[in-house]
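Quick note: residue numbers are just sequence positions, from 1. Scope of the values below: all heavy atoms of this structure, side chains included, with no hydrogens, waters or symmetry mates.
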Amino acid sequence: MLPTILDLSSLRAAYQSGLTPLDIIEEVIARRAASKDPAIFITVVPDEELRSAAKALMVRAPEANSLPLWGVPFAVKDNIDAAGLPTTAACPAYEYRPDVDSTVVARLKAAGAIIIGKTNLDQFATGLNGTRSPYGAPRSVFDAAYISGGSSSGSAVTVASGLAAFALGTDTAGSGRVPAAFNNLVGIKPTPGLLPNTGTIPACRSLDCITIFAPTVGDGVAIRKVAEGFDAADPFSRRAEPAKLPVSGLRIGVLTGGEREFFGDKGVEALYDQSIERARTLGATIVPFDYTPFREAAALLYDGPWVAERLAAVEPFLATNAADFDPTVRGIIEGARSRTAVDAFNGRYRLEELRRKTEAEWGKVDVLLLPTAPTTYTVVDMLADPVVLNGRLGRYTNFVNLLDCAAIAVPAGFAEGGLPGGITVIAPAFTDDALAPLADALHRAATSGMGIDRQAAIPDASRVAAADDGFVEIVVVGAHLTGMPLNHELTDTGARLVKTCRTTGDYRLFVLPGTVPPKPGLIRETDYRGSGLEVEVWAMPADAFGRFVQKIPAPLGIGKVALDDGTSVSGFLCEAHAVSGAEDITSLGGWRTYIRGKLAG
């Protein structure tokens, strides 16, 4: 019996137990026939062709799970070519039938995945809501009155309803993330250029990204790794230059003040706040940052000259087939006619000015944690006000490709009305792998299930393990604290402050007599009941840790220090005999308070 949501680990287990790709395809055929949303697909692979594809795979690779995506059913947004299936970009008059697969589809099929159909989208990938298609509007899997999100609408609904294990989307302004939020899915938005766009109809060629909708972060990352890789046929393809993020002491930037805009949606705002607390519980340091330059960069995508790229993509077709465009899409694209080359250069200059301003904010944080979308809307409301409401959906997504970032959208839970909300973790280019452990942990902590199955347990097999960043954490309590005379012994090694926190309540602090500079002694007494002591946790390069510890003079040493968040970290402790008769300053709450009092005296 297959689960509602077809994740990779469940499929692999099914194959290992004796099921075949043909068995899975029969289940997909049955589910597809039973689907109540007629707007998911633009073109489906006919049943017999699906069966033939499954049989051909079994001949090509007869051993179960012998290919990375052996027998995994997937869907493709209909602005990405798949050989033998029409590509329409949700415009029937634009239709053509490619002879070859797009580069990404070819790689996925070579890895054993089986395409089941081409999915609906906002026409020419212009929109974040999913209603701008002559093929209908796919709906939220949780309430058919609500939008599915766009432009990759059908792709998200396909996965969230259990018809496919993953689906390809595209993302220029948020199209690979907003539908994930509205359907309780993961949306993998790679660094621009990491996945080649060869065989994809462009929206904004310099910004477009092929994306992946999946039930879990682990699944999405595994699929991305199959699909990625440089392709010389795509002028914007890039060779990966993997970048690291801190494993310990991760600084996560969150919205504050007037930049927190949810357009009155208290439910999504509450889910965002809950996600912040989950990040804090996971050990991150929460840092308010100024979103203003990011928001101003986001505005350039539609209010600036980049809309001219949309015109460049379809200008010959628009000249002869203007009546075949969705009216809203046509209005947006034709609006680019007023843009000039001067506007383009001024827009580029403005973007670089804003990029420089965002650098100051990136100096404060390692990762941004933002709402994927600040709210959602019914289909009726969206059709009544298609431009303004759509613009609101991109408030926290539009800047990401302009500023060359990687992003992963994950579920954040459900609001009281039963609709899901989502959050996105964002970091500079090529942090795709480094972002994944955080995104996975946040998804698991939300306990929101996968897709339409709110009770589904996220499989352990898809867990994304944290990478070793080569740093060791150490607790300091006295002269090595920030601003104290020996702090340079930490900073000289490249150590970074992780957090300021407190010990558990069973520690006492004493002034060690005769030490220069003055130093405290931290002692643990299991029968003592205090309120804990203020300490700092630093992360030090592992190759420097041993040299640092060797210099620690007796009676001090390194042992495990229990912190009030339930963790234990190596840190400074003192031999008990050394504090006999020493001044007990435990009641002051920490060394810093003692030093301030001494200086004041």
Nearest atoms (heavy-atom pairs only) where Ala243 meets Ala429: CB-O, 4.0 Å

Test item: Arg278 side-chain N/O and Ala412 main-chain N/O as donor-acceptor pair under 3.5 Å: yes

Test applied, side chain to side chain donor-acceptor pair (under 3.5 Å); reference residue, Lys189; option that passes from Asn401, Thr397, Thr211, Thr170: Asn401

Ring centers of Phe414, Phe142 separated by less than 6.0 Å: yes

Separation between CZ of Arg496 and CG of Leu250, rounded to the nearest 0.5 Å: 8.5 Å

Over 12 non-hydrogen atoms of neighbours within 6.0 angstrom of CZ in Arg205: no

From CG (Asp234) to OG1 (Thr198), nearest 0.5 Å: 4.5 Å

Asp265 and Arg392 ion-paired at < 4.0 Å: no

Under-4.0 Å salt bridge between Asp366 and Arg251: yes

Closest non-hydrogen atom pair, Val217 against Val186: N-CG2, 3.6 Å

Heavy-atom side-chain contact between Trp306 and Thr172 under 4.5 Å: no

Cation-pi geometry met for Arg295 and Phe399 (6.0 Å, 45°): no

Exam field: side chain Thr378 to backbone Asp381, donor-acceptor pair closer than 3.5 Å: yes

Distance-only polar pair, side chains of Thr119 and Ser155, donor-acceptor under 3.5 Å: yes

CD1-OH distance between Ile42 and Tyr135, expressed to the nearest 0.5 angstrom: 5.5 Å

Greater than 12 external heavy atoms within 6.0 Å of Tyr96's OH: yes

Salt bridge (Lys or Arg N to Asp or Glu O under 4.0 Å) between Glu296 and Arg350, intermediate numbers included: CA-CA 9 Å; Glu296 292 179 356; Arg350 179 58 177 158; 2.9 Å; yes

Minimum-distance pair of heavy atoms, taken over all atoms of Ala539 and Phe471: O-CD2, 3.4 Å

Gap separating the CZ atom of Arg310 from the CD atom of Glu315, nearest 0.5 angstrom: 15.5 Å

Euclidean distance, Thr328 OG1 relative to Asn129 CG, rounded to 0.5 Å: 8.5 Å

Nearest non-hydrogen partners of Ala436 and Val221, listed with the distance: CB-CG2, 3.8 Å

Identify each donor-acceptor pair in which a side-chain atom of residues 417-426 lies under 3.5 Å from a protein atom, sequence neighbours left out, and give them as a table.
residue	atom	partner	partner atom	Å
Thr424	OG1	Thr372	OG1	2.7

Verdict with reasoning, Lys77 to Ser152, per side-chain hydrogen bond (donor to acceptor under 3.5 Å, both in side chains): CA-CA 6 Å; Lys77 185 177 180 178; Ser152 309; 2.9 Å; yes

Ring centres under 6.0 angstrom apart (Tyr146, Phe182): no

Ala279 versus Ile252, closest heavy-atom pair with distance: CB-CD1, 3.9 Å

Flag side-chain contact, heavy atom, 4.5 Å: Arg224 against Leu194: yes

Nearest non-hydrogen partners of Ile333 and Leu311, listed with the distance: CG2-CA, 3.7 Å

Whether over 12 other heavy atoms sit under 6.0 Å from Lys109 NZ: yes

Donor-acceptor contact present, side-chain Arg107 to main-chain Gly229, <3.5 Å: yes

Any donor-acceptor pair under 3.5 Å from Ser153 side chain to Gly150 backbone: no

Test: Glu352 and Arg348 ion pair at under 4.0 Å: yes

Ser237 versus Asp231, side-chain donor and acceptor atoms under 3.5 Å: no

Lys118: which of Thr88, Asp78, Thr43 passes side chain to side chain donor-acceptor pair (under 3.5 Å): Asp78

Test item: Asp219 side-chain N/O and Leu8 main-chain N/O as donor-acceptor pair under 3.5 Å: yes

Ring centres under 6.0 angstrom apart (Phe294, Tyr396): no

Aromatic ring pairing Tyr94/Phe317, orientation class (parallel under 30°, perpendicular over 60°, tilted between): perpendicular

Separation between CD of Gln274 and CD of Glu269, rounded to the nearest 0.5 Å: 11.0 Å

Lys364, NZ: over 12 other non-hydrogen atoms inside 6.0 angstrom: yes

Short side-chain donor-acceptor distance under 3.5 Å, Asn120 and Ser133: yes

Check ion pair Arg444-Asp440 (N to O, under 4.0 angstrom): yes

Ser462 side chain vs Thr216 backbone, donor-acceptor pair below 3.5 Å: no

Thr87 side chain to Glu95 side chain, donor-acceptor N/O pair below 3.5 angstrom: no

